[in-house]
Every structure is written in C-alpha cells, then in structure tokens.
Number of protein chains: 2
Amino acid sequence: MRAPYDSDIAPVAALLADRTRASMLTALLDGRPLAAGELARTAGVSAATASSHLAKLLDGDLVAVVRQGRHRYYRLKGAEVAAVIEAISRISPNVEVRSLRQSRQARALQEARTCYDHLAGRAGAALFEALLSRDLLETVDPAFDDPAASAYEVTDKGERQLSSIGVDIAEVRRARRRFAGHCLDWTERRPHLNGALGAALTARMIEDGWFTRGSARRALLVTERGRSRLADVFGCVLG
Amino acid sequence: MRAPYDSDIAPVAALLADRTRASMLTALLDGRPLAAGELARTAGVSAATASSHLAKLLDGDLVAVVRQGRHRYYRLKGAEVAAVIEAISRISPNVEVRSLRQSRQARALQEARTCYDHLAGRAGAALFEALLSRDLLETVDPAFDDPAASAYEVTDKGERQLSSIGVDIAEVRRARRRFAGHCLDWTERRPHLNGALGAALTARMIEDGWFTRGSARRALLVTERGRSRLADVFGCVLG
DNA sequence: GCGATCTTTCGACGGCCGTCGAAGCGTGTC
DNA sequence: GACACGCTTCGACGGCCGTCGAAAGATCGC
C-alpha cells in the first residue's frame, strides 16, 4: 500500500512533538553545543527529565553528544535536522507577535553576534571564509561531516597578520582548549571560526573597537573602523 | 527564556507524530485531493478513526477540505506543509530498503506519471508551462494560493492546435467537471494541468503513442514520437 | 581519598491520545 | 420518500509517555 520511496516520518516527528524537546532543539539551532544542565534550565525541567529527553533525541539521531569532563555537550546532528526544525517553524504559530523592535533585533543578530565567545552571523562566516581564501588559515583535519572534529592552523602569513593587530598566537596556544575549529552557523548555513583562536581574535576585535556590543544579549554591531580594518587586514568585505 | 523569533513547533510536530496521520499526509503529497474514505483505506483504519485524524489535521491547518456531494476531499494546505514532510522524510529511515529496481521506478515516476487521470511529473509541469507561454492556454481566475480554485481557458490558437492532434474542445466542455485548473506537483514544486482538459489531452497523447504506460502503477514513459510531437505541437522540450 | 558537581537510572504517578463499534447526520439514487 | 452510502460524533477501553524525587555513576578539585 505504501510507495517504495515512503519513509516513516512518525517516529522522528514524535521526537519533535514534545514541548520540552522542541525547546531544547531550538536552543541548539545556532550550532553551539550546550551542556545537559543548560538545556534543562532552558527548557524549565529537572535534570532527570532533561536527561531522559536527551537520551531519546540521541537514540533518534537528532543530536550528538561530546563528553568533556563531567559535562556532556549536546549539538544538533546535522544541517538536515536544522532544516526540519526551520521548516516546521515556518508553519507554526509564533509564540509572541513579532514587534518591529524584535524583528529589527533579529536582523541585527543575523548580521553579527557572539556564539558563546566568538564571532558568528554573516560577519563571522565572511571573516572565516576570508581567512581561508587568503591563506591566513589552513585546514589540518578536514572533517566536514562533524564540525566538532574539524581543526585548523594559522599559516606563517596568518601569524604575521594576526600579531599585527595584537593577537598573540603563542599565548592563544597556551589556553587549555582546542586551538581552532569551526561551528556551523545555522542562520548562515556556513561555518565560522571557533576555539581558542576564534575567541582571542573576537576579543581583540571588540577591544580594538571593530565591533561594539549591541542592546540584545548576544548582538554585535560592526563599526566603521571595523568595516575598514576587516577589509584592510583580512580582505573581508561585508555586504 | 525563549527568543522572540521562536515558534512553538511541538503542536505541529504532534500532528505528524502519528503513523496513521503521517500515512494520510504522505498519500496527499502528490497534490491530488483524496476522499476521507480513501485515506482511511490507505492508512488501514476505520472510517471513524480516519475522521478523527482528519479533524485534527484540519484544525491544525495542515490540510484543507472540499465538500463535493457526499464526499469530502482533503488536500495538503500548502507548499510549506509538503516541505515539512519532505524535510522529515530526509532524516527518517526508509520503510523498505530501496532496491535498484525501486529507485529506478522512483526516478521514472518523477519524469512522467499520471496524477489521477492527467499528466504529472516533470513532463506534466513542462507541458503546462509551454501551453501558457505559447498562449495556447490563458489564466481566467488566478488563485495562486488555492489551486483548487484556479481556472484556465484555451485561446483560439490553443483550440486550433489541440484539435489538430485530435482533442475536441467542444466535447471536453460537455464533461460534467471543471474544464481546466492546475494541481501543484509536489515533486516538481510546479503546477500541471488538470480538469476535463488535462484528462482529455492526456488520454489523447497516450492513445496517439506519445506516452506508454510503465510497469509501476502510475508510471508513464515518453516515447521518441512523444518527444518530437511535444516539441513540434507545443514547443515543449523535455530535459 | 573525600566532598562537590554534573549527569543518568529507577520507580511511581498522572494524564493524554489512538482505537473501535454504534448511532446520528447529510447527500445522492431509485 | 425510502434506502444506500459517506462521513462524523459519541462513549468506552487500553496503552503509551512525560514528570519528578531519590539514588547511583562519573568526574573534578582539594
């Protein structure tokens, strides 16, 4: 009775059909891995409940987990999962009516924002692309299917450029943390730089007035200085 | 705690989370409206159960219904709904392992098939586009949001062309049925011609050897003759 | 090693939801 | 107008699932 190309969507949909799980998945939409406890708090449930939900999401291949000490960081399993959530969002009623102010904020967040402690949004993706295409950064471990495993190194040329703006690579290496990797930026569908290098570079750029912090929680605003410095130093032109 | 652009996806997902409802929605994926009873049979449940499910899908704005005599025809509410189902399908396990023969069949169905009694698939969409761009067919009632309400008329030029291949427009008009409209072809995301005209034209093309019926239930195969006739008569070139 | 912290497992409770037959309602047919 | 047919509504049954506190497992810092 069922066509040969049919697939069984009910089990996957069931995973999205719970408010708590949906809330967790939405929280993971920006690509940043979150610890189980954070997800519990975000969703407003006990740790026990959150754990049970995460086990189901894991079993259903919607999320992946990385153990790091006593924390367990969860992330969406892939772009297809994000696409599903976005597709359903499109036909779901908005929780709050989108005010003018809110949509302006949303647009600003899309332009530039922090992702944990590094630059994300359109600006983050553009900078990352520029670093690679100008050979300031090179791929060490190309793991396209698993962003958590990707790794990058600065080239000699890159090290000179970065130190010229005040980023001390030797010091960045001393951080007990992965040197450089990428996260997938779900609003952009493109990667941006993370790790110790991403954080240090972002901190330096803010310190040096390339970006100022916006009113919304993670918002960043590109300054005029930032726009021209990004172009001069990294050949990165923002739209 | 929730971002302003968050929407509440759980209720919509819950509608897809039941095997019976999912089966009904999948059956509606090709855009052809189906009666409640047919959907009940397809899903393998009683009429009572089907009715309850359809009421929920209706309430959730995933389907729309048209009353026609003692039948009630249900169809997907829009392209966004189809997109959701397709997105979830992409991360859902296939019901049956896709054999070589099955995937060949699926590809053939995408090329050309019948949708109820008229031509659909890539060929159907291409033919419809050609009819409009060559001014053989014109829009009478442009209802882009509701395919069921759209209406078309043949132009004088169109009537000459169609009669030249043996389609008698006067006779088509006598059918107690909508003259010409379109369905959205979900695999193509483009419309194709339906109604009495779509059926008559398709019947004539098959009769005249433009298409032969394939082995799968709704499959059609374009013949060499069909390929050249489509180009000559309608300026319709298939990929 | 010993507490502190993060996370998972277990067991119990409560509620929601899919299922069906029977009955009711509207529509087409003879 | 009586019957057949398609569909929906009603009521009852059964099962699955989300929730939590308590306790166990795992890891870090001292």
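Just the heavy atoms: all of them, side chains too, but no hydrogens, waters or symmetry mates, feed the values below. Treat the numbers as computed from the prediction; the structure is a model and nothing was measured.
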Student: Using five base pairs at each end, measure the axis-to-axis angle across the helix from C:dG1-D:dC30 to C:dC30-D:dG1 and round it to 10 degrees.
Tutor: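 End-to-end axis angle: 30°.
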Student: Looking at residues at least two apart in the chain, or sitting in another chain, which of them share a salt bridge (Lys or Arg N to Asp or Glu O under 4.0 Å) with B:Glu159?
Tutor: none
Student: Listed by chain and number, what are the ring-ring contact (aromatic ring centres under 6.0 Å, His included) partners of A:Tyr74, not counting sequence neighbours?
Tutor: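 In terms of ring-ring contact (aromatic ring centres under 6.0 Å, His included), with neighbours along the sequence ignored, A:Tyr74 is linked to no residue.
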Student: Just jot down the side-chain contact (heavy atoms from CB on, under 4.5 Å) partners of B:Ala55, sequence neighbours excluded, or say none.
Tutor: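 None.
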Student: I'd like to check the salt bridge (Lys or Arg N to Asp or Glu O under 4.0 Å) partners of A:Glu138; sequence neighbours left out, ordered by chain and number.
Tutor: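 For A:Glu138 there are no salt bridge (Lys or Arg N to Asp or Glu O under 4.0 Å) partners, ignoring immediate neighbours.
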Student: Output the rounded distance in Å from CD (A:Glu38) to C1' (C:dT5).
Tutor: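 Whole-Å distance recorded here is 14 Å.
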Student: With sequence neighbours left out, write down each residue that passes side-chain contact (heavy atoms from CB on, under 4.5 Å) with B:Arg204, or none if nothing qualifies.
Tutor: B:Val167, B:Glu207, B:Asp208
Student: Could you list the residues that satisfy salt bridge (Lys or Arg N to Asp or Glu O under 4.0 Å) with A:Asp59, not counting sequence neighbours?
Tutor: none
Student: How does each nucleotide of nucleotides 11-22 of chain C score, in 5' to 3' order, for protein heavy atoms under 4.0 Å: base (B), sugar-phosphate only (S), or none (-)?
Tutor: -------SSBBB
Student: Mind checking what makes side-chain contact (heavy atoms from CB on, under 4.5 Å) contact with B:Ser163, not counting sequence neighbours?
Tutor: none
Student: With a 4.0 Å cutoff (strictly under), does any side-chain N or O of A:Tyr74 reach OP1 or OP2 of C:dT8?
Tutor: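 So the side-chain polar atoms of A:Tyr74 do come within 4.0 Å of the phosphate oxygens OP1 or OP2 of C:dT8, strictly under.
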Student: In whole Å, I'd like the distance from the NE2 atom of A:His71 to the P atom of C:dT8.
Tutor: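 A:His71 atom NE2 is separated from C:dT8 atom P by 12 Å.
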Student: Measure CG/A:Leu54 against C1'/C:dT9 and give the value in whole Å, please.
Tutor: 14 Å
Student: Each nucleotide in nucleotides 24-30 of chain C should get exactly one letter: B, S or -. Can you fill that in based on protein heavy atoms under 4.0 Å?
Tutor: --SBSS-
Student: For A:Phe211, what residues pass the ring-ring contact (aromatic ring centres under 6.0 Å, His included) criterion, not counting sequence neighbours?
Tutor: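 For A:Phe211, no residue satisfies ring-ring contact (aromatic ring centres under 6.0 Å, His included) once neighbours in sequence are set aside.
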Student: Evaluate the ring planes of B:Tyr152 and B:Phe128, with Trp represented by its six-membered ring, and classify them as parallel (under 30°), tilted (30 to 60°) or perpendicular (over 60°).
Tutor: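 Perpendicular: the ring planes of B:Tyr152 and B:Phe128 meet at over 60°.
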Student: List the residues meeting side-chain contact (heavy atoms from CB on, under 4.5 Å) with A:Ser52, not counting sequence neighbours, and say none if there are none.
Tutor: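 side-chain contact (heavy atoms from CB on, under 4.5 Å) check on A:Ser52 returns A:Lys56.
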